[in-house]
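To start, the structure under review is shown below, and the notes come after it.
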Amino acid sequence: MAKYDITQIKGVIPALLTFFDGQENLDDACTRDMLDFMMEKGADGFYLTGSTGACFTMTMEERMHVVETVINHVNGRKPIIVHVGDIGTKKSIELAKQAEKAGADAISSVPPFYWRFSKDDIFHYYKDISESVSIPMVVYNIVLAGIMDRDLICRIASLENVRGLKYTARDHDEMGYLKEILGKDFMIYSGCDEMGFSGLCSGADGLIGSFYNVIPDVYKGIEAAVKASDIKKGMRLQKMADEFIFACLKYDFPSVLHNVMCWRGLSAGHTRRPFRNYADSELDGLKKELAAIREKYGAEELADFHF
Ligand code: MN9
């Protein structure tokens, strides 16, 4: 049973990586360790089996297994949003129903992709999925993908069970506008980690993204700075986070995140093909760059990384 109302789902929410073992099988023990680490560092909830979680490389059963493993382990301590997106509505409905049954607090989905679906097709995709369950739906709009415009988002947002939007973009005027017109109880999550500070300043209720797997604590600092109207501190932390992110993004994503998490003293598993796994020795340059960022900012937040 869902435990949290959508309006309680806020703060820093990792779009959870999926942790595989060396043979590309799901690694449940590793997943539990990673959840513990993130909760210790302040994660306010989890967004499962999204693109950071390599969902489109997984079978339906595997996606459901991750959902069950995470929900059982988190055990109501934090809210859980499950990404159920797929190109087939029927498959997404199946995933949505399982998520609800497993105890998820909300579902989410990217719009159907690959083929050029009409606006009506996309509207009906969200309608059919959101009406198949009683937990709320968070629409996921990656602005750069150019699939949904403002009118379509507002049309989808008028559906009864659609209660939030994950908005991934590098500018926030549109996001702020949507928050304004959709109202305070319609939750908006900023999805671009490089823009976390800006997102919160522009009215986002929370942050959902991939780097919160690795440095959730840095973003808790950003969130606290915004709450305290400490612009200087918020900007400094975001600048540091940006340099950290840009350094990592010179390598294949999300593969590299598994290695970077290991440098925090964790055993962060593997990704699966076609994503590649890096040998640590291939990442000496990245270690040097991240160490230099730590030095430049005198960053206590990065103190426990072994670079
Ligand atoms: O979930 C992620 N966006 C995409 C949101 O994967 C498209 C972000 O967290 C990015 O990975 C991050 C790095 O660019 O901002």
Side-chain angles (χ1 to χ4, degrees), residues 9-18 34 38 41 43-58 63 66 70 79-86 106-114 137-148 164-172 174-175 187-202 204-220 222-223 237-261 268 271 274-275 286 289-290 293:
I9 310 182
K10 297 176 175 186
V12 177
I13 302 173
L16 197 73
L17 288 162
T18 296
M34 295 300 108
M38 287 177 232
K41 297 287 184 192
D44 295 301
F46 295 100
Y47 185 95
L48 314 184
T49 57
S51 50
T52 300
C55 64
F56 303 117
T57 73
M58 293 161 74
R63 289 174 69 163
V66 169
V70 173
I80 306 286
I81 307 173
V82 177
H83 175 260
V84 299
D86 205 291
I107 52 167
S108 179
S109 181
V110 290
F113 53 94
Y114 188 74
M137 159 70 89
V138 175
V139 174
Y140 183 1
N141 186 31
I142 302 180
V143 175
L144 204 64
I147 297 177
M148 293 193 283
L165 174 67
K166 170 163 146 59
Y167 187 92
T168 297
R170 291 204 171 192
D171 53 60
H172 283 147
E174 181 72 7
M175 190 190 76
M187 304 301 278
I188 298 205
Y189 305 97
S190 174
C192 179
D193 312 357
E194 296 85 328
M195 299 298 290
F197 177 70
S198 158
L200 293 173
C201 290
S202 306
D205 299 288
L207 307 174
I208 301 176
S210 46
F211 277 82
Y212 315 140
N213 284 267
V214 188
I215 45 171
D217 37 353
V218 171
Y219 281 90
K220 286 304 285 179
I222 291 174
E223 184 194 35
L237 286 172
Q238 184 65 61
K239 258 186 106 224
M240 179 183 79
D242 284 351
E243 290 186 30
F244 189 101
I245 294 169
F246 294 142
C248 293
L249 291 183
K250 290 180 195 161
Y251 298 84
D252 292 344
F253 172 88
S255 314
V256 70
L257 291 186
H258 291 269
N259 297 71
V260 179
M261 286 186 89
T271 184
F275 295 113
L286 178 58
E289 260 190 87
L290 296 182
I293 293 165

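Along the sequence shown, the residues carry numbers beginning at 1. First listed ligand is number 1; within each ligand, the first listed atom is number 1. Side-chain atoms are counted along with the backbone in the values below, which use heavy atoms only and exclude waters and symmetry mates.
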If you look at every heavy atom in [X] and [Y], which pair is closest and at what distance?
{"X": "P14", "Y": "G45", "result": "CD-O, 3.1 Å"}
{"X": "L200", "Y": "A204", "result": "CD2-O, 3.8 Å"}
{"X": "C192", "Y": "A169", "result": "CB-O, 3.4 Å"}

Return the closest protein heavy atom for [atom] as residue, atom name and distance.
{"atom": "atom 9 (O) of ligand 1", "answer": "D193 OD1, 2.7 Å"}
{"atom": "atom 10 (C) of ligand 1", "answer": "S210 OG, 3.5 Å"}
{"atom": "atom 15 (O) of ligand 1", "answer": "E194 OE1, 2.6 Å"}
{"atom": "atom 6 (O) of ligand 1", "answer": "S51 OG, 4.0 Å"}
{"atom": "atom 2 (C) of ligand 1", "answer": "G191 O, 3.7 Å"}
{"atom": "atom 1 (O) of ligand 1", "answer": "K166 NZ, 2.7 Å"}

| request: Mark yes or no: K166 above the aromatic ring of Y140, with NZ or CZ under 6.0 Å from the six-membered ring centre and no more than 45 degrees from the axis. | output: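 So K166 does make the cation-pi contact.
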| query | Hey, does T168 come in under 3.5 Å of ligand 1, counting only N/O atoms on both sides? | reply |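 N/O-N/O distance below 3.5 Å does not exist for this pair.
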| field | From CG (L237) to CG (D242), nearest 0.5 Å | value |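 Interatomic distance, L237 CG to D242 CG, rounded to 0.5 Å: 11.0 Å.
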| query | Of all the heavy atoms in L144, does at least one lie under 4.0 Å from an atom in ligand 1? | reply |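 No; L144 lies far enough from ligand 1 that no heavy-atom distance drops under 4.0 Å.
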| request: Look at atom 7 (C) of ligand 1 and find which of Y47, Y212, Y140, F211 reaches it with the closest heavy atom. | output: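 Among Y47, Y212, Y140, F211, the closest heavy atom to atom 7 (C) of ligand 1 belongs to Y140.
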| message | I need the contact type for Y189 against ligand 1. Using non-hydrogen atoms and a strict under-4.0 Å cut-off, is it side chain, backbone, both or neither? | response |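 Neither; nothing of Y189 gets under 4.0 Å from ligand 1.
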| D205 side chain to I188 main-chain N or O, any donor-acceptor pair under 3.5 Å? |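 The answer is yes, because a donor-acceptor pair under 3.5 Å joins these two groups.
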